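Okay, so here's the structure we're looking at.
This is a predicted model, so every value here is computed, not measured. A note on names: the letters A, B, ... follow the listed sequences, proteins ahead of strands, and every chain is numbered from 1.
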Amino acid sequence: MALTAVKGFNDILPVESGRWHFIEQTARKVFELNGFEEIRVPVLEKTELFSRSIGDATDIVEKEMYTFTDKGENSITLRPEGTAGVMRAFIEHKLYAQDPIAKLYYMGPMFRYERPQKGRYRQFHQIGAEITGVTDPLADAQVLNMLTAFFREIGLTEPTLQINSLGCPECRPEYRVSLRSFLEEKMGQLCDDCRRRFAANPLRTLDCKVPGCAEATAGAPSVLDHLCGGCNDHFATVRRYLDLSATPYSINSRMVRGLDYYTRTTFEMVTMLLGSQSAVAAGGRYDGLIAQLGGPAIPGIGFAMGLERVALLLTNQDFASRPDLFIATMGEGERDVAFSLMDALLKSGIRVEMDYEGKSLKSQMRRADKLKAYYSVVIGGNEASSGKAAFKRMADGFQTEALLTVAAIQVLLNTTEQ
RNA sequence: GUGGCCAUGGUGAAGCGGUUAACACAUACGACUGUGACUCGUACAUGCGAGGGUUCAAAUCCCUCUGGCCACCCCA
């Protein structure tokens, strides 16, 4: 094996790219309908951006980032997620001065140094959307509805929406205290990982998959019972709006986020189909993030979805595009006629293929079949001089005489349902 | 970072110590002298992830490395 790609970095081959385009185009359509505009930010940022936003103690920052020192001795990092960079740009360009309410979406590669696995790679792609400047639960509901609409648009009903509220800097500390004191009693029953989590991030013990831990934490206090008045009202209103729009969801009070900046509403689109990579999209509110990054005190909410994971859920569909017409030729002079015809058809937006190598008619017809052309036509001496030819519908072999003109061919293609 | 499983051509694979690495699909050309799909024929791994070792003999046994998959961790 000569040269291979870097571990966890994948090529998206032509057989896959049709599916990717479909996902990306659907996202653009749904997001733009909701008033979101694309923002394109760099793949590389100063390391500090991520340690300050995602959180120093998170696994992502602690051990999963591609961090390097560049030739100017600056510590730089390949973005492990999208929100931080988008908010950096929002602050840097003072987008809030024009309008504190910004609705932004982005798509592109993210990088995390993890052990590759099904639905998880070191370079992976996310499509995300963010709304800044709105505290009202209306924004939460619109984001959730938009995410739901996206999955409906691409034809997936499988991932289901789970929501939770993590509270705010007011009420979360109190919850942590009460959860810790509950867990202290159960220490003996917890797994090693959970004992470690107890210190670092006690909320994490709640979604441990070890049966013993699940049992031990069964009666644990719920975040939702410890929300302060404001957070409680906020969450209740989010739910009311979701009900108003008949958006299906379930509440999962054990759902936890891996990034530190989340507050209040958090959510995931989860599926059973991808093994342990059950989260296809996830996000939440981050009311303190912009200020934390040195911007004004503007709230935000958003999500990101994993393109690879969505693509994995779509594998049964065929997204290949097919030529409208394949032109086969007999003889050198006729190739000029065929080429001119192809050129004219392409200029009119008709997808045409023809033989490139002067192969036998049989080879050309085989190629027409392989490319799944809707029609084929043979241009030889007779056709070149008469200016008309028999167009063969490949599906059933039916042939129709038509003039070798763009107009006549357009009519022919349009009268047949493709 | 931890653990389990696996590595034969473009693909799916047979082979389980002994001359030319089965079969199928895919691909190329042809039988069909102006027409695809069906049928038939021919071609297509000096090579069995890489490197060592055992043996008269290794794709087949042993070791190391590399890679892949899956699970844990974590996460989109």
Do [X] and [Y] get their side chains close enough for a donor-acceptor pair, meaning under 3.5 Å?
X: A:Glu334; Y: A:Thr329; result: no
X: A:Tyr286; Y: A:Glu130; result: yes
X: A:Tyr105; Y: A:Glu32; result: yes

Taking OP1 and OP2 of [N], is either one under 4.0 Å from a side-chain nitrogen or oxygen of [X]?
X: A:Ser278; N: B:A76; result: no
X: A:Arg204; N: B:C75; result: yes
X: A:Lys362; N: B:A28; result: no
X: A:Lys63; N: B:C74; result: no
X: A:Arg115; N: B:C70; result: no
X: A:Arg257; N: B:A76; result: yes
X: A:Ser360; N: B:G30; result: yes

Taken to the nearest whole Å, CZ/A:Phe124 to C1'/B:A76 is 6 Å
Here the distance between atom P of B:A76 and atom CG of A:Asp59, to the nearest Å, is 11 Å
Per [X] side chain, nearest of listed nucleotides [options]:
X: A:Gln399; options: B:A76, B:U35, B:C32; value: B:U35
X: A:Lys359; options: B:C29, B:G36, B:C69; value: B:C29
X: A:Leu259; options: B:A76, B:G34, B:A71; value: B:A76
X: A:Arg112; options: B:G36, B:A76, B:G68; value: B:A76

Correct closest heavy-atom pair for A:Ala328 and A:Leu361 would be CB-CD2, 3.8 Å
| Pair A:Glu48 + A:Lys46, salt bridge at N-O below 4.0 Å | no
Only one of A:Thr83, A:Ile290, A:Asp287 passes side chain to side chain contact (heavy atoms under 4.5 Å, CB included) with A:Tyr261, and that residue is A:Thr83
Secondary structure of RNA chain B per the Watson-Crick/G-U criterion (both distances under 3.5 Å; [ ] crossing, | other strand, . unpaired) is ((((((((.[[[..)..(....]]].(((((.......))))).....[[[[[..)....]]]]])))))))....
| Does any non-hydrogen side-chain atom of A:Thr132 lie less than 4.5 Å from one of A:Leu95? | no
